[in-house]
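Count residues from 1 along the sequence. Remember, it's a predicted structure, so these values are computed and weren't measured experimentally.
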Amino acid sequence: MDQTHASSPLAGAVHDLATEVVLALRSGDHLATVCGAAGIDEENRTGIAAVRVIGADLLLPSVLHGRHPHPGDVAVLDRAVREFPPKPDAPAATAWSHWHMISTLHRMAPPAQGAPGVSAEPDADWLEAAPWQSFTHQLSVLAPLAVPATPSAVQRAAATRAVDLARGFVRAVRRRDWLQAAGAGRWLAAIGGAPATLGLERGLDFVELMGGQDPRVTLHVRAARLMAEARAR
């Protein structure tokens, strides 16, 4: 099977879903369903897979605006958790993403009948010894964990290595890796630890300008701005 054509429906679904999350972040509208606007329901397997890619960021508008998520979005995220559990040999980032999806569901909405319980956090020791380049890459993959009031071992690791994240942000910009730069910038905004010399606000403006055709980049940049604004109030 042609892998390009095989992956295009999923890529399109991820693009549409991320776009709707961005629109909800901008409007603050908690009454609209992100999944419904993207044409995704519990029976759409490609859409469910796209939700697994987006992860807990599906509910990010509700998390950052302090509002109840739409029941339809909660149901689809719950379905993604059930349909795509991590395999025993899955990468640590996959295990963390799955854990965060479950913990976000439990925090934002009453658990559905038979929903998985929140288990102990996955191992995070590997982050402590990771070189700053690898550390930034892994943290950018785990950018959905960069939200306020959700302490975790990953967030604690980020808080102790803000300088490494700043170096990684600059490196990602120079390499034109806009998604990684946006994820690193989101972490710096979440922990409030960006060095003053970095110029994070202008850096994020540049990242969005250059990489904004990917709505996942815009999603992380918008999340970073909302968290920075909340911190400044």
(Q) Going by the rule side chain to side chain contact (heavy atoms under 4.5 Å, CB included), which residues pair with Pro91 if we only count those two or more places apart in sequence or in a different chain? (A) Thr94

Q) By side chain to side chain contact (heavy atoms under 4.5 Å, CB included), which residues pair with Pro71, not counting sequence neighbours? A) none

Q | side chain to side chain contact (heavy atoms under 4.5 Å, CB included) partners for Ala93, two or more places apart | A | Gln138, Val141, Leu142

(Q) Suppose we screen for side-chain hydrogen bond (donor to acceptor under 3.5 Å, both in side chains). Which residues come up paired with Asp16, at least two apart in sequence or across chains? (A) none

Q: Scan residues 168-196 for pairs that pass salt bridge (Lys or Arg N to Asp or Glu O under 4.0 Å), counting only residues two or more places apart or in two chains.
A: Asp57-Arg186

For residues 120-130, dump all side-chain donor-acceptor pairs below 3.5 Å to protein atoms at least two apart in sequence or in another chain.
residue : atom : partner : partner atom : Å
Glu121  : OE1  : Ala153  : N            : 3.2
Asp123  : OD1  : Asp125  : N            : 3.4
Trp126  : NE1  : Asp123  : O            : 2.8

Q.
Just to verify, what does Pro148 make a side chain to side chain contact (heavy atoms under 4.5 Å, CB included) with, not counting sequence neighbours?
A. Leu64, Met227

Q: Taking the side chain as every heavy atom from C-beta outward, state whether Val51 and Cys35 have any atom pair closer than 4.5 Å.
A: yes

Q) What salt bridge (Lys or Arg N to Asp or Glu O under 4.0 Å) pairs are there with at least one residue in residues 202-212, not counting sequence neighbours? A) Arg26-Glu208, Asp205-Arg225, Glu208-Arg225

(Q) My understanding is that only residues two or more places apart in sequence, or in another chain, count here; which of them pass side-chain hydrogen bond (donor to acceptor under 3.5 Å, both in side chains) with Thr136? (A) none

(Q) Under the salt bridge (Lys or Arg N to Asp or Glu O under 4.0 Å) definition, can you give me all pairs with a residue in residues 211-220, not counting sequence neighbours? (A) Asp214-Arg216

Q: Return each pair, listed once, that meets salt bridge (Lys or Arg N to Asp or Glu O under 4.0 Å) where at least one residue sits in residues 83-97; pairs must be two or more places apart or across chains.
A: Arg45-Glu83, Arg79-Glu83

Q) Does anything in residues 142-157 pair up under side chain to side chain donor-acceptor pair (under 3.5 Å), and if so which pairs, sequence neighbours excluded? A) none

